[in-house]
Each structure stands twice: as structure tokens, then as C-alpha cells.
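Accompanying notes for the structure given below.
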Number of protein chains: 2
Amino acid sequence: MDGTQIDQVRRFNRTVTERVGVLHGHYLGRGRPVGEARLLWEIGEQGQDVRRLRERLGLDSGYVSRLLRSLEADGLVTVEPRPRDRRVRTVRLTDAGRAERAALDRRSDELAGSLLEPLNAAQRVRLVAAMAEVDRLLTAATVALDRVDPDHPDAQHCLRSYFTELRERFETGFDPARSLLPDAGGLRPPHGLFLVARLHGEPVGCAGLKLPPGAPAEVKRMWVAPHTRGLGLGRRFLAELEARAAQHGFDVLRLDTNRALGAAIGLYHSYGFQEVAAFNDEPYAHHWFEKRITSVPSE
Amino acid sequence: MDGTQIDQVRRFNRTVTERVGVLHGHYLGRGRPVGEARLLWEIGEQGQDVRRLRERLGLDSGYVSRLLRSLEADGLVTVEPRPRDRRVRTVRLTDAGRAERAALDRRSDELAGSLLEPLNAAQRVRLVAAMAEVDRLLTAATVALDRVDPDHPDAQHCLRSYFTELRERFETGFDPARSLLPDAGGLRPPHGLFLVARLHGEPVGCAGLKLPPGAPAEVKRMWVAPHTRGLGLGRRFLAELEARAAQHGFDVLRLDTNRALGAAIGLYHSYGFQEVAAFNDEPYAHHWFEKRITSVPSE
DNA sequence: GGAGTTCTCTGACTAGAGTCAGAGAGTGGA
DNA sequence: TCCACTCTCTGACTCTAGTCAGAGAACTCC
């Protein structure tokens with residue numbers, strides 16, 4: 001990361017907060033405090049529990065409560081206890097609330113339009129493409145990789161999605177029972193670990209690592225949610241797993257994969273894996289890969 | 001401007017205000033209200049008059065005064081009457097103020113760094129390039145074109161810069177006295193007009209239009225400040241002049257230029273001008289261009 | 001020297017955006 | 001049934017970021 005890059009990022013921040021920020025306050029603020037507008041937005045068409053709103057917006061419970069009272073007084077929302085658990089309260093938009101939300105929506109469109117308006121068609125295309133790129137890369141930078149137990153709900157969610165996808169993509173379908181699965185404890189310390197990637201708290205990918213004593217480390221069950229592909233997450237998982245395997249003193253990382261997973265195979269090649277002879281008899285595998293890594297035993 | 005573009009701009013706005021905005025408040029806000037920080041920044045190394053600070057930041061005089069009192073109480077600035085006009089007061093940073101400003105600067109760097117930090121080298125390069133593009137195009141969209149009298153200080157500033165540049169770039173140098181200049185009134189109504197481009201209030205370009213009765217309209221003295229080249233300003237000037245000439249009922253737009261101005265010649269070609277035989281005996285011209293335009297007499 | 005102007009400052013207010021410490025209703029398990 | 005816990009709400013504050021209406025000093029022009 002060099003000084004020129006930092007300077008460019010700072011220039012970008014200044015220009016963007018100036019242009020977008022000023023217009024944002026100007027358009028969206030009209031007549032309604034930003035806090036209320038955000039809330040109105042976050043409630044959505046089907047309503048939300050108050051606690052969830054609080055989490056999503058990261059606000060104090062007292063503050064949210066007060067905002068809701070104000071929206072309620074304006075007739076934009078109704079707040080009712082959830083039948084099953086009457087401590088939890090559910091917020092729903094009234095018709096007036098829906099109308100107000102649509103108005104916000106329109107203003108948001110106007111704001112976007114006013115950024116493009118002074119430009120000619122060619123410039124618009126370039127601006128939008130550059131914005132998409134910035135958007136994608138900033139999003140990528142927001143994804144967090146955390147080690148969790150494979151039984152954690154987020155891990156389970158990813159694994160279910162992973163199996164579903166394999167079932168759809170493998171020519172032969174996929175039955176976890178037929179596959180060489182690590183035993184229950186295989187992906188938790190001390191002989192393994194499991195990572196999930198999260199974007200705004202939602203799980204969007206996973207990867208497991210087997211650390212068998214006396215054998216090479218092995219990547220298992222790497223999966224990235226379709227809507228977050230193209231952010232370089234697969235590569236980041238590999239780098240993280242490689243670093244962790246190295247920390248545990250391993251000097252070879254390997255994995256097997258199915259020929260239907262073309263993008264993954266491309267990734268393994270470009271990340272420095274070499275194709276090797278079959279090192280196991282996984283029935284769903286067509287390719288086996290291996291990479292020498294630099295062991296860095298922790299002291 | 002289509003819906004997909006609007007959607008992408010909105011996604012961009014959301015991601016950017018989230019990432020940049022959150023970090024902005026977090027980093028820069030530390031210990032000092034944003035208002036004070038902005039002021040500290042705007043004072044700069046050599047100090048500033050209070051009125052100018054007010055203008056630049058667009059703030060109420062009472063508010064600025066109070067912010068200055070607070071900075072003064074913290075020993076960061078000194079405020080003194082200007083010797084020549086004791087109504088105007090000049091703010092200067094103390095050593096402590098300079099240190100505080102440097103700390104803000106560092107935090108700004110950290111903020112920029114924290115956006116890049118989670119990315120790998122290739123992604124950083126792509127992000128920075130995309131940010132530069134967004135920055136450039138949003139800046140382009142901020143430039144305003146206004147009609148002014150050619151004697152207006154902003155117009156004069158541009159014209160002086162224009163002549164200086166011609167003097168440096170023409171093989172033969174440039175002496176306005178030898179050139180075919182429109183007479184004093186030539187670039188003001190009813191037989192002409194003069195435009196300046198302004199970015200944040202600063203003049204960054206100009207272009208004149210002659211509207212001689214019974215002859216084609218003519219572009220004169222088009223100039224764009226070096227630091228704003230590449231924003232499509234030249235093309236925007238031409239489009240604006242063409243539209244205005246058309247409004248006045250002209251159906252041909254022409255201009256002459258010197259062979260040293262390669263970029264301009266490229267622009268004229270790509271904008272639809274055809275090279276024609278010399279239509280005047282301007283001693284500094286090597287190329288003459290003409291474009292048919294659609295006359296739209298105002299009713 | 002006086003009138004009108006310019007510039008800055010002070011006092012009095014307002015709105016938004018939160019924070020913090022309970023209170024009270026509701027739930028689940030021993 | 002009781003106890004601990006969860007969830008939401010209320011009251012009492014705080015801090016920013018302003019706005020508005022003069023007051024008073026300094027300047028300019030006549």
C-alpha cells in the first residue's frame with residue numbers, strides 16, 4: 001500500500017462525501033429525520049421484530065423505541081407483540097408508511113439520477129462501471145473470516161447450501177453419505193478447523209481444514225455463496241487456510257475436487273496448486289491437487 | 001439514463017456511505033467535533049480570514065465564531081485583527097494547532113489505509129483505479145458552465161492563462177496584438193457571448209462564441225485548465241456553444257486553430273467538425289474547421 | 001464629523017441523534 | 001411457584017450542529 005494509493009483514496013473520499021453526502025442529506029432529509037427514514041426503510045414490506053431492527057441499525061433500544069413512537073404517531077407503522085412471545089414486538093408498515101417509503105425510494109432514485117445527469121452517455125457508462133467496481137471491492141473488504149465450530153448455525157447453513165449445490169452440479173448428484181467425510185471432530189481443534197465468511201453478519205461462505213497428524217493438511221468443503229462470487233473470497237479462504245496450516249507446522253496442503261467445479265479448479269491452479277495422482281479414493285473426486293507451503297511452527 | 005444505472009448508483013451510495021461514512025465518523029471524530037476538525041483543516045498553514053473560512057465552509061457567522069472560541073480555548077489557534085482593516089480577523093494555527101492538524105491528517109491516512117488493508121495487491125490496484133475514475137467523473141459532473149461578461153475577473157483569469165499557454169506552446173510564441181481578436185464587444189451580446197467553467201467556484205476554463213450577422217458562428221478562445229483536462233470539459237463547451245449558436249439561428253459553426261494544439265484538433269474531429277480551407281487570415285492558424293448545426297431559432 | 005456598511009461576536013434557541021439507568025411485562029426452567 | 005432472564009419502554013441527560021437577532025467596533029464616503 002503506497003502513498004499514491006492512500007492519496008487517491010483520500011481524494012475519492014472527499015469527492016464522494018461531498019457530492020453524495022450533500023445530496024443525501026438534501027434529498028432524503030426532506031421533512032423527516034434521517035433516523036426515522038432509515039428505520040422506515042429497514043422495516044421492509046413484511047415487517048420486522050424490534051430487536052432485529054435494533055441489531056441491523058446498531059442503535060440503542062431506547063432510541064429505537066422513541067423513533068417507533070414517532071412513526072406510530074404519524075400513522076406510518078403499527079407495533080404489536082408477536083403472538084408466540086409477547087415480549088418481542090413486531091413493526092409493520094401501514095398503507096401511509098408504505099407510501100412514505102415509496103417516496104423515499106423515489107428521492108433516492110432522483111439523487112442517483114442527479115449524479116448522472118450532467119454527464120453524457122459515454123461518461124455515464126464509465127461512471128457506473130467504476131462505481132460497480134468500487135462497490136464490489138469495498139464489499140469484498142467488508143467480508144470477515146471467522147473460525148467457528150462446524151455445528152454453529154452459520155456453518156450449518158453454509159454446509160447445507162454447499163451440499164445442495166453439489167447435488168445440482170455433479171453429473172451423478174451428490175450424497176454426503178457416500179463421500180469421504182471427515183468424522184464429527186475432524187474440522188475442529190486440535191485436528192482441524194472451520195471458517196465462515198460473513199458479510200454484514202450473514203454467512204456467505206465456508207471452508208474447512210483437516211490437520212491430520214503425520215499427513216498433509218487438507219482443504220475440505222470450501223463454498224462461496226453465489227451472490228458473493230467474484231470478490232476474491234475463494235482466494236482469501238485459501239490464503240487463510242494456508243497460513244493456519246503453516247502455523248501448525250504443516251508443509252503440504254492438498255485437496256480433491258470434482259470436474260464439474262470448473263471455477264474452483266481454475267482457482268487452485270492460479271493459486272499455485274499442482275495436480276497430483278489420487279491420494280484418496282473419494283468417489284466424487286476427479287482431480288487431486290497439492291501445494292508445498294512454508295511451515296511456520298508457532299513458538 | 002436507465003434503471004440499471006440508477007440501481008447501481010444507489011448500491012454504490014449505500015456501500016460507500018456505509019464503509020467510508022462509518023470509518024469517517026469513527027476516525028476523524030475521535031475527541032474533536034467534525035465542525036472543529038473541518039475548520040482546523042481549512043485554516044491551513046498560512047492562516048485565513050474568518051470571513052473566507054465562513055464562505056468556504058458555508059457556515060453561519062455566529063457558529064464559526066463559537067467554533068473559533070473553542071479552538072482558541074484549546075490553544076490551537078490565535079485570532080487577530082488584520083492590521084489594514086481591523087474589522088476583518090485572521091486566524092492562524094499555533095504549534096499545537098499544527099500538531100492537531102497533522103494528527104487529523106494521519107487519521108485520514110489510516111482511514112484510507114483501512115479501506116485497502118483487507119485487499120490483496122491486485123485488488124488494491126483495481127480499487128484505486130476505479131476510485132480515480134469515480135472521482136474524475138463526479139468532479140466533471142460538478143463543473144458548472146456560466147455565461148459571464150468577458151471583463152469579469154474569472155473570464156480575465158482564464159484568458160490570461162490561455163494566452164500564457166499559447167505563448168509557451170506555439171513554435172512562434174504568441175502575441176495577442178498580432179492575432180485576429182474579436183473587438184471588445186465581440187464576445188458579449190448581442191453579437192457573441194463568453195462562458196466560464198467553474199469548479200467549486202474557481203474558474204477552470206472558458207470559451208467564447210462570435211455571432212456575426214450574416215456569417216457563420218465562430219468558437220474563440222476555448223481553454224481548459226490543465227488540472228481539469230480529461231473531464232470532457234472541451235466537449236461540453238462545444239456542445240453548449242453549438243446549442244447557443246443554434247438558438248440564435250446559426251446553421252454553421254467554425255473555428256481556426258494552431259497545429260501545436262493536437263488534443264484540441266483531435267477533439268474537433270471527434271466532435272464532428274470537418275477541416276475546410278482557410279476562411280480568415282489569422283496568422284497563428286494552421287487548420288480551419290467547420291460544422292453544420294441544426295438551427296433552432298427561438299420563438 | 002456623521003451616516004451607512006461591513007465584519008465579528010454574544011445570547012438565546014432549536015432539532016437531531018444518541019446514551020444510560022431503571023421499570024415493568026412476559027417467558028422458560030428448576 | 002419462583003427466579004433469572006429477555007425484551008421493550010420511559011425519563012432524564014448529553015453533545016453536535018446549527019439558526020436568528022441584535023450589539024458594537026471599525027471602516028468608507030460624503
Side-chain angles (χ1 to χ4, degrees), chain A residues 17-18 21-22 24-43 47-74 76-92 104, chain B residues 17-18 21-22 24-43 47-74 76-92 104:
Chain A
T17 49
E18 214 172 84
V22 167
H24 194 266
H26 189 259
Y27 275 99
L28 296 187
R30 255 197 312 235
R32 191 159 297 285
V34 179
E36 290 184 16
R38 283 211 295 161
L39 207 52
L40 213 44
W41 190 259
E42 206 63 44
I43 291 167
Q48 276 291 340
D49 293 345
V50 172
R51 61 193 292 210
R52 195 148 165 69
L53 286 175
R54 216 162 46 215
E55 268 167 30
R56 294 268 285 248
L57 297 170
L59 299 175
D60 175 88
S61 75
Y63 184 36
V64 169
S65 180
R66 223 175 303 276
L67 289 175
L68 287 174
R69 283 310 74 68
S70 157
L71 291 175
E72 219 175 2
D74 290 355
L76 302 179
V77 304
T78 55
V79 183
E80 281 176 354
R82 199 165 64 182
R84 284 301 182 79
D85 181 346
R86 300 179 54 78
R87 290 170 305 183
V88 180
R89 315 239 294 162
T90 303
V91 191
R92 246 174 265 284
L104 281 174
Chain B
T17 48
E18 215 171 83
V22 167
H24 195 266
H26 188 258
Y27 276 99
L28 296 187
R30 254 197 314 233
R32 191 159 297 285
V34 179
E36 291 184 16
R38 283 210 295 161
L39 207 52
L40 214 45
W41 190 259
E42 206 63 44
I43 291 167
Q48 276 291 340
D49 292 346
V50 172
R51 61 191 294 207
R52 192 145 167 70
L53 285 176
R54 219 163 42 216
E55 268 167 31
R56 294 267 285 247
L57 297 169
L59 300 175
D60 175 88
S61 76
Y63 184 37
V64 169
S65 180
R66 221 174 304 277
L67 289 174
L68 287 174
R69 283 312 71 68
S70 155
L71 291 175
E72 219 175 2
D74 290 354
L76 302 179
V77 303
T78 55
V79 183
E80 280 176 354
R82 199 165 65 182
R84 283 301 182 79
D85 181 346
R86 300 180 54 80
R87 289 171 305 184
V88 180
R89 315 237 297 160
T90 303
V91 191
R92 247 174 263 284
L104 281 175

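The figures that follow rest on heavy atoms only: side chains count, while hydrogens, waters and symmetry mates do not. In the text below, chain A, chain B and the rest are named by the order of the sequence lines, each starting its count at 1.
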Problem set entry | Base dC9(D) paired with Ser61(A) side chain (donor-acceptor, <3.5 Å) | yes
Exercise. Out of dC9(D), dC9(C), dG18(C), which nucleotide sits closest to the side chain of Arg69(B)?
Worked result: dC9(C)
For this session: Any chance you could measure Asp49(B), atom CG, to Glu55(B), atom CD, to the nearest 0.5 Å?
Result: 9.5 Å
For this session: Hey, which sits more toward the 5' end of DNA chain D by its nearest nucleotide, Arg66(A) or Asp49(A)?
Result: Asp49(A)
For this session: Measure from CG on Leu68(B) to P on dC9(C) and round the result to the nearest Å.
Result: 7 Å
For this session: Flag the pair Arg69(B) / Val79(B) as yes when at least one side-chain heavy-atom distance between them is below 4.5 Å, and no otherwise.
Result: yes
Exercise. CZ of Arg82(A) to CZ of Arg87(A): how many Å apart, nearest 0.5 Å?
Worked result: 9.0 Å
For this session: Report the distance from atom CG of Asp60(B) to atom P of dA21(D), rounded to the nearest whole Å.
Result: 11 Å
Exercise. Atom CG of Leu71(A) and atom P of dG16(C): how far apart are they, to the nearest Å?
Worked result: 13 Å
Exercise. How would you label the contact of Leu59(B) with the nucleic acid (heavy atoms, under 4.0 Å): base, sugar-phosphate, or nothing?
Worked result: sugar-phosphate
For this session: Would you kindly say whether Arg66(A) and Ser70(A) are connected by a side-chain donor-acceptor distance under 3.5 Å?
Result: no
For this session: Considering non-hydrogen atoms only, spot the tightest contact between Gln48(A) and Ile43(A) and give its length.
Result: CG-O, 3.4 Å
For this session: Could you tell me the separation between the CG atom of Leu67(B) and the P atom of dA17(D), rounded to a whole number of Å?
Result: 8 Å
For this session: Nearest-nucleotide wise, let me know which of Arg86(A) and Thr90(B) is further upstream toward the 5' end of DNA chain C.
Result: Thr90(B)
Problem set entry | Between C1' of dA26(D) and CD of Glu80(B), the distance in whole Å | 17 Å
For this session: Nearest-nucleotide wise, let me know which of Asp85(A) and Tyr63(A) is further upstream toward the 5' end of DNA chain C.
Result: Tyr63(A)
For this session: Grab the CD-C1' distance between Gln48(A) and dC7(D) for me, whole Å please.
Result: 16 Å
Problem set entry | Atom-to-atom span, CZ of Arg87(A) to C1' of dC5(D) - whole angstrom | 8 Å
Problem set entry | Side-chain N or O of Arg89(A) closer than 4.0 Å to phosphate OP1/OP2 of dT8(D) | no
For this session: For Gly62(B), report the nucleic acid contact type (base, sugar-phosphate, nothing); a contact means any heavy atom under 4.0 Å.
Result: base
Problem set entry | Interatomic distance, Glu36(B) CD vs dC15(D) C1' [rounded to whole Å] | 12 Å
